[in-house]
Amino acid sequence: MRPTHSGTMSKLKNKKRNLEENEDEQLPIFDKDGGKDGHLDDGDEDQGDLSDSEESVFSGLEESGSDSDDEEEEEEDGSEEKSSDVEEDKAADGDGDDQLSAKEVIEPQTDGQHSKEKKKKKKAAGKEGGEESVASDRDSGLQISSQVDEYEHDTSDEEDIRNTVGNIPMEWYKDYPHIGYDLEGKKIFKPIRNKDELDEFLDKMENPDYWRTVQDKMTGADIRLSDEQVDLVHRLQQGKFGDVNFNEYEPAIDFFSNEVMIHPVTNRPQDKRSFIPSLIEKEKVGKLVHAIKMGWIKPHRPKETTPQYYDLWAKEDPNSILGRHKMHIPAPKMKLPGHEESYNPPPEYLMSEEERLAWEQQDPEYRKLSFLPQKLACLRAVPAYSRFIHERFERCLDLYLCPRQRKMRVNVNPEDLIPKLPKPKDLQPFPTTQSLVYRGHSSLVRSISISPSGQWLVSGSDDCTVRFWEVSTARCLKTVEVGGAVKGVAWNPNLSICLVAVSYDDTVVLLNPGLGDRLVCTATDQLISSYEEPEEVKDQPVQWAVAEGEGHEQGHRLILKHPKAVRQVTWHGKGDYLACVIPDNGSSLQVVIHQVSKRRTQNPFRKNKGLVQCVSFHPIRPYFFVATQRYVRVYNLIKQELTKKLMANCKWISSMAIHPGGDNVICGSYDCRLAWFDLDLSTKPYKVLRQHKKALRSVAYHRHYPLFVSGSDDGNVIVCHGMVYNDLLQNPLIVPVKVLKGHTITHDLGVLDVTFHPTQPWVFSSGADGTVRLFT
Amino acid sequence: MSQVQARFFTENKKYLIDDVPFSIPAASEVADLSGVINKLLEAKNDGHKHVEFDFLVRGQFLRTSLASHMEKENISTEEVVEIEYVEKFTAPQPEECIMHDDWISSVEADSEWILTGSYDKTARIWSMEGKAVMTVAGHTDVVKDVAWMKRGENLQTGSLVVNDWNSERNKVEARHCCRGHAGSVDTVAVDPTRTKFCSGSWDKMLKIWSAVPTVEEDEIEEPNRPRKKQKTEQMGLTRTPLMTFSGHNEAVSSVLWVDAEELCSASWDHTIRLWDAETGEQKSTLTGSKVFNSISYSPLCRRLASGSTDRHVRLWDPRSKDGSLVLLSLTSHNGWVTAVRWSPSHEHQLVSGSLDNVVKLWDTRSCKAPLYDLAAHEDKVLCVDWTENGKAIFVIILTCLDLKLNYHYPYV
């Protein structure tokens with residue numbers, strides 16, 4: 001029956017689709033169930049539509065050729081009966097709803113009989129055809145009451161006896177005119193199908209029952225499904241129970257509960273198995289016994305009777321007293337009353353007249369007793385205690401002010417607090433003693449500078465002279481007079497040029513000292529004289545002039561007239577550029593840079609912030625350091641921008657020196673501080689040294705040795721070891737190593753300038769006492 | 001322990017005494033011992049005059065009491081102590097004072113003449129009596145070092161002009177101007193064969209020049225030319241160096257000939273280097289810790305003495321291969337030691353001058369303290385020298401800066 005069903009269903013579906021395509025009333029379950037069939041059908045039908053009409057005639061049979069149909073059929077074999085049962089139930093119920101419902105509820109057992117009976121009837125009626133079977137089904141509702149042996153015809157393996165071919169794929173018969181054999185062995189012929197496409201179509205259009213007509217595969221006959229059957233199909237598709245009257249939500253009655261009832265539903269005696277020992281258990285016990293015999297299981301493991309505790313103090317040092325015990329301080333106790341407090345003290349406790357006077361004279365704080373012992377005749381005569389409030393107050397004070405905690409005295413070796421610095425002895429060489437004194441100046445020597453070879457020293461003094469000294473003997477080789485107190489001298493760092501820049505008043509003079517290799521001196525002179533005037537003369541803030549006459553003989557070569565007094569001169573490392581500081585607050589012209597070879601002057605800054613104290617060129621890179629009162633600004637000369645601004649953290653910077661590596665700067669200030677900046681680290685000082693007692697006047701770095709030096713108004717020169725590591729992770733090591741004394745303080749001024757020898761660890765200092773000193 | 005068994009001996013035949021051990025008080029000092037010896041000698045020969053003696057115990061001069069000296073030197077007092085006695089060097093006395101106009105940078109004494117170089121750009125020749133014989137004005141710059149080439153004939157000065165000086169004619173003549181150095185020439189030294197000389201300069205180079213006079217210079221004889229430049233222009237005798245040694249990293253401060261083949265130079269780069277004068281190879285390097293100002297070599301004891309910019313005079317063995325062996329360090333100065341000079345006749349004696357205005361006479365046998373301090377100067381000492389005849393009188397010539405003095409210390 002089922003195959004027919006699927007066939008019919010697919011047909012049905014197709015028809016439905018055709019009819020109700022727009023209504024979206026598709027039945028997904030139906031699709032799923034017979035999806036494959038449906039599709040095949042569709043395909044066949046489409047094909048059929050396109051090709052010949054012959055095929056379409058057998059389309060109902062042909063579709064079962066697929067494997068899925070086979071399976072379906074096999075599978076359906078068992079369910080065939082059931083489904084047919086359901087169908088018939090349906091059909092029956094359709095009529096006899098009322099009669100059946102009560103019966104079914106009360107006697108579920110009989111339902112089976114009922115259906116079987118119906119089935120039998122149906123099967124008997126099966127041969128007459130679909131219509132008849134339905135009709136008989138209708139009748140069967142009435143025959144229920146009649147008693148029939150319910151097992152008589154109930155054979156589960158009953159086959160469809162109308163066709164004896166058995167359970168075979170029906171397409172095997174597709175090429176034959178018959179479809180199988182009946183019980184007598186006669187061929188069952190396929191019903192004549194001479195409908196062509198047109199007939200089919202017309203049938204479809206005209207026959208109102210076309211959509212409910214399905215073909216029985218076994219017989220090949222068309223069966224028109226009754227309304228009940230269609231309804232059943234719909235219900236099944238919707239996932240409902242086939243029986244309309246079946247209430248799936250009936251209240252459950254717990255017939256077989258654990259409670260012992262007086263009248264149980266079944267009064268079955270207990271099983272025998274509950275009285276005989278279980279073999280399975282015996283087997284399990286046997287296994288355990290075996291395991292115990294073999295020693296795999298230890299039956300009597302001795303229980304650990306001692307309880308396990310965590311020993312909190314196991315790791316405690318037994319010798320140490322617990323901290324809280326050690327720290328415990330009992331509250332102060334009041335002194336117990338003694339004999340003197342008694343109302344009747346022994347006479348030795350009573351004070352004599354002198355003692356009493358002495359007691360009264362004494363300061364209350366220092367009295368041994370706070371009261372006078374009194375002798376009273378009896379206890380009743382004891383007056384009210386006058387000091388009660390006072391005594392309670394003192395007691396409260398005692399309790400309140402008593403120490404609650406024992407103060408742990410931290411035993412710190414004061415030497416441990418001092419940072420571990422290497423001993424100065426290990427940091428040698430550095431200058432330690434005064435070796436030579438260069439005497440000759442009659443006034444304070446403001447500035448000194450050493451030749452790049454280290455053979456000569458130049459010093460400029462307030463006595464309007466510049467002196468050239470031989471370093472090794474302190475011999476003054478040359479004295480050049482200039483027109484004013486010399487504020488700054490600077491020896492050209494280029495070895496192939498012999499020039500010294502001297503600043504006094506508003507003038508900077510370039511001197512050729514004529515020392516050293518004569519070739520170099522003459523070459524320098526030639527370099528200066530070979531200058532050619534450019535064609536268009538620019539307006540320059542500084543006047544350049546060539547020295548002539550007496551000045552030339554003294555060594556003057558070029559004279560630069562500035563608008564205001566020049567304080568400092570410094571050369572660029574290459575020796576062509578010369579920077580001058582013209583301190584003048586608010587002026588835009590505080591720093592000028594001269595190019596000697598082109599005799600050109602430029603004012604690098606449009607506006608200067610603050611009073612410029614000193615300037616310096618970076619030893620390697622095109623940077624320019626400008627120190628104002630509180631800040632050091634680092635400019636990039638190529639990009640013409642401010643690169644960094646160092647906060648000196650002091651009131652007034654006096655001097656500045658750049659480390660030959662170029663990444664460290666020291667600044668001396670008038671408020672006795674020396675600030676070391678690590679340019680890679682921060683714009684704040686890496687370290688500030690306050691070693692001098694008075695204002696610092698000058699600082700300097702050594703070119704090779706890790707040394708720097710500072711000179712101060714207190715007449716001391718302090719040499720420090722300042723190691724800068726190539727490793728970026730390691731901060732500079734700064735160790736003060738030596739205080740060099742020697743200069744006498746004149747007019748409250750001590751050391752005015754310091755400089756290092758270019759190759760030796762020697763330091764020169766010039767002082768207000770008119771001397772230059774060499775410390776080695 | 002109050003008595004010590006001592007046996008006296010001497011090399012000097014004149015003061016020989018009997019070779020018997022004496023028991024002398026342990027607390028006795030040099031004067032006591034000297035009295036003992038004098039008494040013994042008086043007993044031996046009548047015509048003996050009192051002589052001061054100095055005493056050496058195991059090669060070290062006795063300066064304290066005998067007991068403390070023996071304790072310090074770890075000499076057992078149980079045995080007989082061998083004490084050598086020598087005639088005491090009397091303290092040198094200033095004998096002559098030569099006034100100079102300016103600082104004297106260098107001095108070299110001959111048996112007859114004294115040659116000085118000065119910061120007034122001249123070199124002068126003085127007789128032993130202190131008379132100015134000749135002024136050699138030819139330099140354009142400070143004369144830093146002078147050296148005799150041939151006795152009485154040639155002299156050579158630090159700015160590398162070789163002058164010819166004839167003592168008979170009292171004329172001086174610039175022979176050569178040796179050009180080649182790029183820095184100031186600080187030191188010159190003539191080799192023992194008197195055919196070459198070496199110069200050291202601030203330009204870190206050592207150069208060897210020929211000292212053999214060329215023939216054709218006799219054509220013009222104009223004594224006392226005021227300017228060297230004129231001379232060189234007229235004569236056109238510019239010498240070029242035979243050989244150049246480079247190796248020092250700093251200025252060369254002192255150079256000398258160890259022998260005819262070996263050259264020794266001291267430099268500001270803290271090294272003393274020994275060179276092979278023939279090949280120009282560097283033989284060995286002695287490394288110090290301070291700048292060397294001056295070195296001196298004694299062929300008698302084959303030691304090198306160096307004065308550096310600390311307070312020490314150091315003695316080196318130039319033959320040692322390991323290079324940096326300081327045999328002895330003589331410490332008594334308070335300033336840079338600017339000049340050292342071994343005695344040409346006495347193997348133990350050297351003299352050193354320092355910037356602390358003191359010249360010290362040392363004996364290597366008493367390295368703790370100098371024999372004598374010659375503190376007659378009032379300013380820095382830049383150079384010292386001995387006269388060449390080591391026989392009767394040794395003269396230490398010192399230069400002084402401010403007073404422009406030359407002292408002769410006669411020394412018997």
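Letters A, B, ... are given to chains in the order of the sequence lines, protein chains preceding strands, and every chain is numbered from 1. Since this is a predicted model, take the numbers as computed values, not measurements.
Checked against a 6.0 Å centroid threshold, the rings of A:Tyr438 and A:Trp469 count as neighbours.
Proximity to chain B is absent for every atom of A:Thr432, based on heavy atoms less than 4.5 angstrom apart. No part of A:Gln434 comes within reach of chain B, as not one of its non-hydrogen atoms sits under 4.5 angstrom from that chain. The parts of A:Gln455 that come within reach of chain B are both its backbone and its side chain, each placing non-hydrogen atoms under 4.5 angstrom from that chain. There is no contact between A:Leu495 and chain B, counting heavy-atom distances below 4.5 Å.
Under a 3.5 Å cut-off, the side chain of A:Lys478 and the backbone N or O of A:Pro513 do form a donor-acceptor pair.
Residues A:Pro758 and A:Ile450 are in side-chain contact: their nearest non-hydrogen atoms beyond the backbone lie under 4.5 Å apart.
Donor-acceptor pairing under 3.5 Å is lacking for the side chains of A:His704 and A:Thr759.
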